[in-house]
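Accompanying notes for the structure given below.
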Amino acid sequence: MKFVSLIKTCIRAIIRNPMRTSLTILGIIIGIAAVIAMMEIGRGSTEQIKSQIASMGANTLNIFPGSITRGGIRTGAGGRATLTPGDCEAIARECRTVVRATPVVRSGGQVVYGNANWNAGSIEGGTVDYLKIRDLYDTELGNPYSEADVLAARRVCLLGQTIVKELFGMENPIGKDIRVKNVTFKVIGVLKKKGANMMGRDQDDIVIMPWTTIRSRLQGLGSEGTTISSSTTTAENVRLLTFPTSSVNYYATTEKEPYSGVPHPRRFKTINNIMVEIANPEQSQACIAEISSVLRARHRLSEEDDDDFRIWDSAEISRVMSSTSEVMTSLLLVVAMISLVVGGVGIMNIMMVSVTERTREIGLRMAVGARPRDIMWQFLLEAVLLCLFGGAIGIIVGRSASMIVSSVLHWPTATAPEAMVLAVAVSVAIGCIFGWYPAWKASKMDPIDALRHE
């Protein structure tokens, strides 16, 4: 038999009994649809996790001050003030795997506009690179602050959507003045909406300023607390901000803490942490080693001394969360594959029944010259075509189910073309595996016994 004739014969046999054909491929349809839907939902969840990590700072390392031990009592992270803007500059200059780095400072307080006020979830400051690292540079309204604003410590700020809603309502905040700790700041931009992060924290409840502004205006220093001005400001002046003397001796000079042989830096010359963006998250460990080497050298730590800083790798969190999502998706796929196996067993069962019902037909074909391999190819091809039909319908059903889940339940989904290719391959494989035995049994029939079959 020619291949085209064989295909026509198989199609006629399949459509001869449409009800039995529909029930036969039902298991394949359910299995393939489950595979498609699970892969798209799983991929969507993984991409959402990655985007949430990116909203907090994509491919970033956060460097925090370390702990300190006094009288056998060890403080937690941040127990000593060890990070300075100079450390940030050294990291950006000397670490090859670092794309950009920024100092980060934080404050708190009530934000006031007119007769409205709101306790901001976070008031943070950094350089322009801070906005770029945290994907905040493209604003919803207005413009981000500039390097000139940072150098001059200008009283400008960017507001998150929650702050805008609570203070301004429907009013446009651009150009308006707000007050924080009785210091006036001009709103020059509104950040794009980000929503809650993985920890449930509102990322829109935030005020962002140049870090120099927070240092000189909000941290108990007042406007006269800095010796720099907009006309004479340089990067070196900003790095070496001079603060007024205080009667409070925040950190006494010592030969042991935090560095050997040098005075402990005063709190006002340190920063809360350093945020670093790396080129490739897979190279995060190499970047951590570079940063550690630079900071240990700057802080004059000997080989016996512990690090006086801690490095937190957000890329590691992304990898862990993505890995967890992939494990759950794999488990769901295993369940879906079980349903495919059940559908394959159903096809084998129906094909065995079909061989029994068509025994006289098989005998007649052999009697007029059909070879055993022709009979085998006929029944095997019928099984494969059944699985392909079921796979095609399953792809449509699975894709539709994914779209319904996305629109009704608002779960994240993402198209998975490779899942469709896999579905076709699995359909062919199931047809070959579970259709082989019925086809082999049909090819081994004796023509005389088959013609005598009632």
Side-chain angles (χ1 to χ4, degrees), residues 57 62-65 78 81-89 101-113 117-134 136-137 139 142-160 162-163 167 173 176-191 203-230 233-235 237-244 246 250 265-275:
N62 284 280
I63 308 163
F64 296 95
T82 58
L83 298 178
T84 66
D87 292 335
C88 180
E89 293 176 5
T102 175
V104 180
V105 295
R106 295 181 181 85
S107 183
Q110 207 76 5
V111 184
V112 180
Y113 172 71
N117 69 88
W118 182 256
N119 188 4
S122 178
I123 300 177
E124 300 183 4
T127 63
V128 175
D129 283 339
Y130 172 83
L131 300 177
K132 294 178 179 179
I133 292 174
R134 290 202 57 187
L136 300 172
Y137 191 76
T139 56
N143 299 293
Y145 55 74
S146 64
E147 292 288 356
D149 295 328
V150 176
L151 294 176
R154 293 187 179 125
R155 292 178 294 172
V156 296
C157 66
L158 307 175
L159 302 183
T162 299
I163 303 291
L167 295 185
K176 302 296 193 300
D177 290 334
I178 63 172
R179 286 182 291 117
V180 182
K181 294 184 178 180
N182 291 324
V183 181
T184 303
F185 298 90
K186 178 174 289 187
V187 180
I188 61 171
V190 176
L191 303 173
Q203 298 182 94
D204 300 314
D205 190 9
I206 188 172
V207 179
I208 298 179
M209 308 174 183
W211 74 272
T212 50
T213 302
I214 293 180
R215 266 287 177 256
S216 61
R217 310 290 183 179
L218 296 183
Q219 301 207 333
L221 305 177
S223 60
E224 71 280 0
T226 176
T227 60
I228 63 175
S229 65
S230 58
T233 298
T234 65
N237 287 335
V238 172
R239 188 173 68 83
L240 300 176
L241 284 174
T242 302
F243 298 95
S246 172
Y250 288 96
R266 292 186 180 276
R267 169 70 70 178
F268 291 152
K269 289 188 178 180
T270 60
I271 56 180
N272 291 97
N273 68 282
I274 299 172
M275 184 176 289

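The only member of Leu131, Ile214, Val156 that meets side-chain contact (heavy atoms from CB on, under 4.5 Å) when paired with Ile208 is Leu131.
Judged as a side chain to side chain contact (heavy atoms under 4.5 Å, CB included), and not counting sequence neighbours, Asn143 has no contacts.
With rounding to the nearest 0.5 angstrom, the OH atom of Tyr137 is 15.5 Å from the OH atom of Tyr130.
The local environment of CG in Asn182 is sparse, with at most 12 non-hydrogen atoms from other residues, nucleotides or ligands closer than 6.0 Å.
Looking at heavy atoms from C-beta onward, Ile133 lies in side-chain contact with Thr102 at the 4.5 angstrom threshold. With contacts defined as side-chain heavy-atom distances shorter than 4.5 Å, the pair Asp129/Met275 does not qualify. Leu167 is not listed as a side-chain neighbour of Lys176, based on a closest heavy-atom distance of 4.5 Å or more.
Formation of a donor-acceptor pair under 3.5 Å by the Thr213 side chain with backbone atoms of Arg155 is not found in this model. For Thr184 (side chain) and Asp177 (main-chain N/O), no donor-acceptor pair under 3.5 Å exists by modelled atom type. In terms of modelled atom types and a separation under 3.5 Å, the side chain of Thr212 and the main chain of Val150 share a donor-acceptor contact.
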| Stepwise, does the side chain to side chain contact (heavy atoms under 4.5 Å, CB included) test hold for Phe185 with Val207? | CA-CA 11 Å; Phe185 298 90; Val207 179; over 6 Å; no
| task | Would you check, one step at a time, whether the test side chain to side chain donor-acceptor pair (under 3.5 Å) holds for Arg179 with Asn117? | result | CA-CA 9 Å; Arg179 286 182 291 117; Asn117 69 88; over 6 Å; no
